[in-house]
Q: 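Shown below is the structure under consideration.
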2 protein chains.
Amino acid sequence: MRRVEARHLRYALALAEHQHFGRAAASLGIAQPPLSTQIAALEREVGERLFDRTPRGVFPTAAGAAFLAGARRALDEMAGAVVDAGRAARGETGRLRLGFIGSALLAPLPAVLGRFRRTHPDVRLAVQEMESPAGTAALLAGELDVAVGRATPRGVGAESLVTVPFWTNHLVAVVSTAHPHAGRSTIGVDQLAREDLVITPPDKEPAVSAMLRALFAPERCPLDGATVARDVHTIVGLAACGVGVGLGPDSMRRVARNDVWFCDVTPRVRLPDLLLSFRAADRSPVLAAFLDTVRRTCPDVESRLDRLLAAHPDTAARRAAG
Amino acid sequence: MRRVEARHLRYALALAEHQHFGRAAASLGIAQPPLSTQIAALEREVGERLFDRTPRGVFPTAAGAAFLAGARRALDEMAGAVVDAGRAARGETGRLRLGFIGSALLAPLPAVLGRFRRTHPDVRLAVQEMESPAGTAALLAGELDVAVGRATPRGVGAESLVTVPFWTNHLVAVVSTAHPHAGRSTIGVDQLAREDLVITPPDKEPAVSAMLRALFAPERCPLDGATVARDVHTIVGLAACGVGVGLGPDSMRRVARNDVWFCDVTPRVRLPDLLLSFRAADRSPVLAAFLDTVRRTCPDVESRLDRLLAAHPDTAARRAAG
DNA sequence: CCGCGCGATATCTCTGACGTATCGTGCGCC
DNA sequence: GGCGCACGATACGTCAGAGATATCGCGCGG
């Protein structure tokens, strides 16, 4: 025999368990002589007698007992390695680094992340808030696995990313409960044009800013002197202070405060969709599992994601099999 | 392939290391095609693709990375098991339960145990003081591995024990520095007969008590009204208090006090030897190592132990080889 | 003293691991 | 852009060695 193989460990453990060559061999599904020769070969390889063959049974020597303990651990590790591989392949273990814009934390991230944590408790989630352009850059730099933003990735390398819209927002206005508009269910764009506004700065979410700018007549645009805030909660807070009318996505309604009032904007203004981006070449099972969770959680984008996921052969095969 | 073998783990690790089938195979001393087939068989057995074969190299998939981590641990455990077996066979690990009479702690146990601890730091020593008859009983009950006492084992099962004398003591007397005999280098047995004595009780060390009794004329024996103490230190302490002349083994001189004085007894009285006992059937390498330490530490019993150890075939063979 | 149970040994068989030869393919180079 | 080349996969023959069958050696009990 050249080297110690897993077979020898299995044989030694069976022999220790049955204390009898014949019965141990039977439990292993082999005849007694091969077991004798394999144990002898193992002892020769280890360099120590591992079993005492007595007329009353076969018992491990001190060396044998020490060896058996290690053998048990080794076989456990081997079995564990196979299990770990399967779990990793199914995306049940590993790491997912997610970057997102703050407003996505109102919806739909709570539902998606909550479900993912429940179904994949052993995946380490590294989640950080970042503005859309930074998310694209981090994705390309390999520092993120998934980015959630409102800006379609542009620039060098952007074609290596896959982007899928997965949440739709409409514009809502928020005012202090002391504001004249408080209590109204809707507010018109023309009315907004006469108000002091609180909005997100242009450099933060360019797509949103561009869209808002298109909403108003360029000659006397209320955005020009508007108050800016980088965070949804700040927009709502400033509106509550009476600084002006805050504008943001309808998910802003989830900000729980009793000193503000939300109005739909008429006509209904659709904001740039929340987009989910990832590297097209990324075959990480954790990513596939996350996308699957997104698919199940956001039914309106199911078909679109399904088409994309079909491009992942492994994932597609796994879903077909499951 | 029926089952995952250690070979597959070694191959997978080599492949991960070299990221190249040909070079990995070369490092394993095999040709490239068998490596391909073995890796394929492993992947089939695990049920997951473990390596991505790209034009720029071979890289582990997520499943492969998880598997490789476990494979590394498994092979480490296997190697560790072989090492552990060797160490156990050489008596470098394990447990030694030693019972001894208190006076042995003065000499020669400090030297023997000190040396053994230094040469066998990973052997757990369970050491407890016990009187000679209790040591024999514990040895027979399998609760001790070695017993050190002054009484040759007698009774049922005693023939299954091996006993070897390994330390010789002579009788010394101890008196307070205020005692008339203080300052004398020797004291005669006839003088002792006229003194109040402090001795060990008869039930503790029968062999010593019987020997002392033989020392004096039976008609007016000083032992009859003697003060008894179960511990060497107590004997010395009572002597220091002026209670009487303490009698004990010459190792008693190691009791460090400046208020006592030791005198040799003339004529020189040899006490029953310190005896070391163990089960003849005990093939424990730790015991063998301990006996070897005793042999090296107590040169005067070397030849006697050598003859006994020659009866242990394993041990004898090991010594011949080393 | 013989029979029996058990592990070791002898010998044969056949699986499967490995070697050699060759193929398919994707990339690079002129 | 076609050819060459590097690399992994495949085909197939070979042989080591794992396992099966038969038998031996030995210690124990009746």
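Residue numbering restarts at 1 for every chain, and letters A, B, ... go by the order of the sequence lines. These numbers come from the heavy atoms of this one structure, side chains and all, not from hydrogens, waters or symmetry mates.
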Q: Is the shortest side-chain heavy-atom distance between B:Phe290 and B:Val294 below 4.5 Å?
A: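 In contact.
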
Q: Taking CD from B:Glu5 and P from C:dT15, how many angstroms apart are they, rounded to a whole number?
A: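 In whole Å, C:dT15 P lies 18 Å from B:Glu5 CD.
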
Q: Assign A:Tyr11 to base, sugar-phosphate, or nothing according to its heavy-atom contacts below 4.0 angstrom with the strands shown.
A: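 The residue A:Tyr11 makes sugar-phosphate contact but no base contact.
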
Q: A:Ile39 CD1 to C:dC6 P: how many Å, rounded?
A: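 Taking atom P of C:dC6 as the reference, CD1 of A:Ile39 is at 17 Å.
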
Q: How would nucleotides 24-30 of chain C be written as a contact map, 5' to 3', with B for base contact, S for sugar-phosphate-only contact and - for no contact, using protein heavy atoms under 4.0 Å?
A: --SS---

Q: Looking only at side-chain atoms of A:Ile30, point me to the closest of D:dC7, D:dG19, C:dA8.
A: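 Per side-chain heavy atoms of A:Ile30, the pick is D:dG19.
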
Q: Reading DNA chain D from 5' onward, which residue's closest nucleotide shows up sooner: B:Arg23 or B:Pro33?
A: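 Checking each residue's closest nucleotide, the 5'-ward one belongs to B:Arg23.
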
Q: Select base, sugar-phosphate, or nothing to describe what A:Gly29 touches, counting heavy atoms under 4.0 Å on all strands.
A: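 A:Gly29: backbone/sugar contact only, no base atoms under 4.0 Å.
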
Q: Write down the distance between CZ (B:Arg44) and P (D:dA9), rounded to a whole number of angstrom.
A: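 Distance check: B:Arg44 CZ to D:dA9 P gives 14 Å.
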
Q: Would A:Leu161 and A:Arg279 count as a side chain to side chain contact (heavy atoms under 4.5 Å, CB included) if you check the C-alpha gap in whole Å, the side-chain angles of each, and the deciding distance to 0.1 Å?
A: CA-CA 4 Å; A:Leu161 302 183; A:Arg279 288 184 296 280; 3.8 Å; yes

Q: Any side-chain N or O of A:Ser36 under 4.0 Å from OP1/OP2 of C:dG7?
A: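 For C:dG7, OP1/OP2 do not have a side-chain N/O of A:Ser36 under 4.0 Å.
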
Q: Is B:Val4 close to B:Leu42 at the side-chain level, that is, under 4.5 Å between some pair of heavy atoms?
A: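 Heavy-atom side-chain distance check passes, below 4.5 Å.
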
Q: Should A:Leu274 and A:Phe100 count as side-chain neighbours, where that means a heavy-atom distance under 4.5 Å?
A: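 No. Closest side-chain heavy atoms not under 4.5 Å.
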
Q: Is there a salt bridge (Lys or Arg N to Asp or Glu O under 4.0 Å) between A:Arg87 and A:Asp84? Walk through the geometry before answering.
A: CA-CA 5 Å; A:Arg87 284 172 51 76; A:Asp84 290 352; 5.1 Å; no

Q: Can you tell me how far C1' of D:dA16 sits from CZ of A:Arg3, to the nearest Å?
A: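 Those two atoms, CZ and C1', are 17 Å apart.
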
Q: Working note: B:His8 + B:Glu45, criterion side chain to side chain contact (heavy atoms under 4.5 Å, CB included); need CA distance, chi angles, decisive distance, verdict.
A: CA-CA 10 Å; B:His8 299 109; B:Glu45 197 65 17; over 6 Å; no

Q: Taking atom P of C:dA8 as reference, at what distance in whole Å does atom CG of A:Asp52 sit?
A: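 The answer, rounded to whole Å, is 12 Å.
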
Q: Check the distance between D:dA16's C1' and A:Gln38's CD and give it to me in whole angstrom.
A: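 The answer, rounded to whole Å, is 13 Å.
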
Q: When you look at CZ of B:Arg53, are more than 12 heavy atoms from neighbouring residues, nucleotides or ligands closer to it than 6.0 Å?
A: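 Enclosed.
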
Q: Quick one: A:Arg49 CZ to C:dG7 P, roughly how many Å, whole number?
A: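 To the nearest whole Å, that distance equals 12 Å.
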
Q: Between the base of D:dA9 and the side chain of B:Gln32, is there any donor-acceptor pair under 3.5 Å?
A: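 Such a pair exists between side chain and base.
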
Q: For the side chain of A:Val58, starting at C-beta, report the closest nucleotide among D:dT21, C:dC18, C:dG7.
A: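 In terms of side-chain proximity for A:Val58, the closest of D:dT21, C:dC18, C:dG7 is C:dG7.
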
Q: Give the rounded distance in Å between these two atoms: CG of A:Leu35 and C1' of D:dG19.
A: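 So the two atoms are 11 Å apart, to the nearest Å.
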
Q: If you compare every side-chain N and O of B:Arg53 against the phosphate oxygens of D:dA9 (OP1, OP2), does one of them come in below 4.0 Å?
A: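 True: B:Arg53 side-chain N/O within range (under 4.0 Å) of D:dA9 OP1/OP2.
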
